[in-house]
Each structure stands twice: as C-alpha cells, then as structure tokens.
2 protein chains.
Amino acid sequence: MTSDLTPARPVEVDRSSPVPLYYQVATRLQELIEKGEIGVGARIENEVDLAERLGVSRPTTRRAIQYLVERGMLVRKRGVGTQVVHPKVRRPVELSSLYDDLIAGAKEPHTTVLDLKVVAADATVAAALNLPIGTEVTWIERLRFAGGEPLALMHNAIPRDVLEVTPADLAERGLYELLRRAGHVPRIATQVIGARSATATEARTLEEKRGASLLTMTRTAWDDRGRALEYGSHLYRASRYSFELNLSAG
Amino acid sequence: MTSDLTPARPVEVDRSSPVPLYYQVATRLQELIEKGEIGVGARIENEVDLAERLGVSRPTTRRAIQYLVERGMLVRKRGVGTQVVHPKVRRPVELSSLYDDLIAGAKEPHTTVLDLKVVAADATVAAALNLPIGTEVTWIERLRFAGGEPLALMHNAIPRDVLEVTPADLAERGLYELLRRAGHVPRIATQVIGARSATATEARTLEEKRGASLLTMTRTAWDDRGRALEYGSHLYRASRYSFELNLSAG
DNA sequence: GTCAATACTTTGTCCTGACAAAGTCTTGAG
DNA sequence: CTCAAGACTTTGTCAGGACAAAGTATTGAC
C-alpha cells in the first residue's frame, strides 16, 4: 500500500521545450487524474520518488503538485501523502465575463443595442467609477435575448478615455472583449446582486408582467492599477435567469 | 530610482519562532503596505536585495512575495519589478460562511429556530446532497433578524451522519461553526442566486407585502473528499438585503 | 534626431542538499 | 490485550547557487 500509481507508460519531460518543467509535470498529472488512471482518493507517489522517476528535482515536482493543489485537484497532508480529490469538489469558475453565457450558450443568444451615447456621469456612475461628477462617459443600453426571448436589460458606463465604443463594435464583440483588445485587462470586479419588482416600462421591454420580480446586478470592473474600466447596472428576468457561483473556502 | 522602499526600521525575522520565515516576511510586507509606508504603485525592493537585507535566502523572499501576489496585493513583472496594487483592487472575499454577517454585523443580528426535525430527503434535497431519496436528514428552519426586523427565512438540510444538531447548539453557534467543530471543513460551495415573488405565507413571516420580490439562494457545501455537508435554501427580503461579491479574473 | 543593437536589471526556472514537523505503523512493556 | 514509546514515511521549510527570459535604459550608427 505504498503507492497506487503505476502508469502504463512513465511520465516523461521534455527539457528542450520552452514549457516549464513543473508545468509539464503538472499537466501530465492532471491528465492522469482526469482520465481516471489515478482513482479518486488514491494517493499519488511521494514527492521524492516521483522526482527521481521523472528525472527532475524535488522542488520542481513539489511545484507541480502545488499547482494542482491550488486548483483543487489534490490534497496534501504532511506525514500522510497526496490524494486525489473528488471531482465534485473541483475548482470554482473564477468568473470571467458574464454568467449569461453559461445558459445562453445553448440558446442562441444575441444582443441588440438600444442606445449608445456620451453623457456626463451622474452621482451614481461617478461614484462607481471613482470619477468626478460630470466626467464624460459612454452610456450603453442593450437588450440581451436568449431563445428568442428577452433575458436581460443591460446598462453600462465606460470612461471615454478607457474606450471609444461604436455600435458596430458592440454588435460584433462583447464589451469585455473590446476592453481587452484596447489593452484594458479587468482584474477584479465588485458586484452586488439584489432584486426588485419591475416598473411598467421595464416590464414592457422584458416582456414580463408589471410587478414581476427582477434580479438586479451592478458591477464595477477594475484593472491592475485600480483604474475603473466599466460600470454596469443590469436587470434580469428572474423567471428566466439565475446566477450560479462556485465559492471556495480559503 | 532603484528602490522606493526605505522603511524606518528594517524588517527583521525571528528565527526562533515556529512561524515560517516566508510567512514572517510576507506579514511584515503586508503591514508596510497596509499602513501606506509603501505607496500604491511604488516598486518594492527587488528580491535579491530584499533577501540580503533580511538575511534570508532568495527562495524564501520569493515565496513571501508570491504569497502576497496571490492575495492580490502585489503585481510582478519580469524585468520590471514588483509593484503595490491599488487597494481598490485588493482581495476577493473567498466566502467563508454567510454574507449576512457583512451587513448584519452592524445591526445586532439574531436568529430564531422555527423548526428542527428529522425527515426523509425528498428528490430536491437528495439530489443536492447526492444521497438516495429517503435518506434521513436533519431539516432546519430558521428566521434571521437584523435591526429588529426579519431579514431572511432559511432552510437547511444536513445528513444525519454528518452532524447531529440540537436547538441549543444552533441557538449558540452558527451552522458552519458547528460543522467545523464536528471536524467537517467546508471546502467549496455551489450557489445559485435568483429571485421570485413572495407567497402569502412567506410574506407574513418576513413582514413583507404579498408579492414582494425576494432573493432566493440555494447552496450546497462540500468537504475535501466531495462529501456534501449541507444544503440550504434561503429567502431574503430584497428590500433589505443584497449579495456583494468580489470576483477576480484569472 | 531616429532607430536598432547592446548592456543591464529583475523576475522565472531549476538544481542539490539538509533538517523539521506531522502522521502512521511497529514494537515491546505491563 | 492495551497502550505508549520509538521508528519510519511523507510533506514543510530553508539555503545557496546557476542560468534563462523579459523588460528597460543606454549607446552608437546613420
């Protein structure tokens, strides 16, 4: 019961590759785990043996294992060993763009731009973007459809010096893709999810009954240096939409 | 312009302490940053110099810096250096227990147990907890107050072999604390947030008008080995509550 | 003055070696 | 048989050195 791992062909590393060794090892291990060649709960070889067998140093092996531990695939216990974690427990989507995509992906989504203009930031927008009130921002109003039905009414504000948006761009690409192409990489976002009843106008736009429950989501996205890139205030039909999150405890 | 960091007193390490050196260094750096002694955007000393000045090896220094990079306080760029990130961009709450606490903390929260019984899992609960239908689970119904007003109506299901809950325990400690004390450490949770209108009964319990918008949140928490620890189905008054999230892009 | 080649700085990767700490298993006393 | 002491296994921490790769700044040719 010393080791449960004896792969058919030995894991090998390619020293001439520009891919870091630790990453090669990690990828290899990940494949073995995902293919089920190392059963869930099984212990993998200890660091020292594994390093020797692969012909790399222990720190390199360690780093590879660490990488998978951080991704939630492995668990280490001192004096015990390293075990494969149950797939259910695997790792959180960290969020990237919009949750819509999860659902909408299967429902032929599309988006129409209702409005696009340059306006002076009001108090709410200015506070969210950390700008002086009255700063010019691009204001976008979009209606997102999925499966032929309206799904969400989306409002965005973007500082003009961050990005100049044209309707044509928006029709083609998502807002986040446009940001990235302009060299603005969103690093973190703060998001607030709430709910309220639809007004008559909102209900009409979203094809809901007046007073229907809507999910509200406001978000501000920031780049590396703490610069606000985008503020969004969105309304989702609660009857058609929900947010799904995976959270990991430190 | 080689270094912008010249702390008043040199950072020191205590080699007799059981606290790992890298962690001591990381903590020290974090303090300096949080106190603002290293301005936002400023570069910190390079690894080699820092290591020498502290009398530790470069790998140790590196690990300390890496730790802060992972927590979002620092950004590294090869050939450039390591910079302090804007505080706005700081760290994602990883989730631990309930978001309530953020808001409720200031509003003298308390919780009353409405019901606590052992029942057979129905299809929904069984599916969520990955158990056979009919398995006995503890079913808990609680009403959470903040500022003297009802805030949330909470339902939880817990497999009996995970935890035996008594009303007295629940009155004293949170559900998550009880789980932890029983040796069950929640590792990740999958959560779905939605909205709907209150039924007459729900409205009465939560002191809302009938048809008022409610936030719904269902969650299943899992431990290391993929074992489901808890299923929760909660209703929040949208007029009093919202979920705040910080998300980080990979 | 402009632009490309070069030197320099700083982080990234990798190695060998050593000891410490936390579990687990074995052994032996009672 | 029970239980504690000790041996063993495995991960955790740390050192010191070497070279590679990616930016930045400088220098020099034109």
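The shown structure was predicted, so the numbers you read here are calculated from the model rather than taken from an experiment. Hydrogens, waters and symmetry mates play no part in the numbers below; they use all other heavy atoms, side chains included. Here is how names work: the chains are called A, B, and so on, in the same order as the sequence lines, proteins then strands, and each is numbered from 1.
For D:dC14, neither phosphate oxygen OP1 nor OP2 lies less than 4.0 angstrom from any side-chain nitrogen or oxygen of B:Tyr22. In terms of phosphate contacts, A:Thr82 brings no side-chain nitrogen or oxygen within less than 4.0 Å of OP1 or OP2 of D:dT10.
Between B:Tyr23 and A:Ile65, the one whose closest nucleotide on DNA chain D sits nearer the 5' end is A:Ile65. Residue order along DNA chain D, read from the 5' end via each residue's closest nucleotide, puts A:Gly81 first among B:Val19 and A:Gly81.
Comparing D:dG12, C:dT11, C:dT13 by their nearest atom to the side chain of A:Arg76 picks out D:dG12.
Counting heavy atoms from C-beta outward, A:Val84 and A:Val75 have side chains that stay 4.5 Å or more apart. Looking only at side-chain heavy atoms (C-beta outward), B:Arg28 and B:Glu31 come within less than 4.5 Å of each other.
With sequence neighbours excluded, no residue forms a side chain to side chain donor-acceptor pair (under 3.5 Å) with B:Thr135. When the salt bridge (charged side-chain N to carboxylate O under 4.0 Å, His left out) test is applied to B:Arg160, the partners found at least two apart in sequence or on another chain are B:Glu136, B:Glu164. Partners of A:Tyr22 under the ring pair (Phe, Tyr, Trp, His ring centres under 6.0 Å) rule, at least two apart in sequence or in another chain, do not exist in this structure. Residues forming a side chain to side chain donor-acceptor pair (under 3.5 Å) with B:Arg62 (at least two apart in sequence, or on another chain): B:Glu47. B:Thr27 meets the side chain to side chain donor-acceptor pair (under 3.5 Å) test with no other residue; sequence neighbours excluded.
One atom, NZ of B:Lys77, and another, C1' of D:dT24, lie 13 Å apart when rounded to the nearest Å. Between the C1' atom of C:dG12 and the CZ atom of B:Arg63 lies a distance of 17 Å, rounded to the nearest Å. Between the P atom of D:dT13 and the CD atom of B:Gln24 lies a distance of 12 Å, rounded to the nearest Å. Regarding A:Glu47, its CD atom lies at a distance of 14 Å from the C1' atom of C:dA22, rounded to whole Å. Atoms CZ (B:Arg62) and P (C:dT13) sit 7 Å apart, rounded to a whole Å. Between B:Asp49 atom CG and C:dC8 atom C1' there is a gap of 14 Å when expressed in whole angstrom units. Distance CG (B:Leu50) to P (C:dT9): 18 Å, rounded to an integer number of Å. Rounded to an integer number of Å, the gap from B:Gln66 CD to C:dC14 P is 14 Å.
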Which parts of nucleotides 15-23 of chain D does protein reach within less than 4.0 Å, heavy atoms only, written one letter per nucleotide 5' to 3' as B for base, S for sugar-phosphate only and - for none?
BB-B--BBS
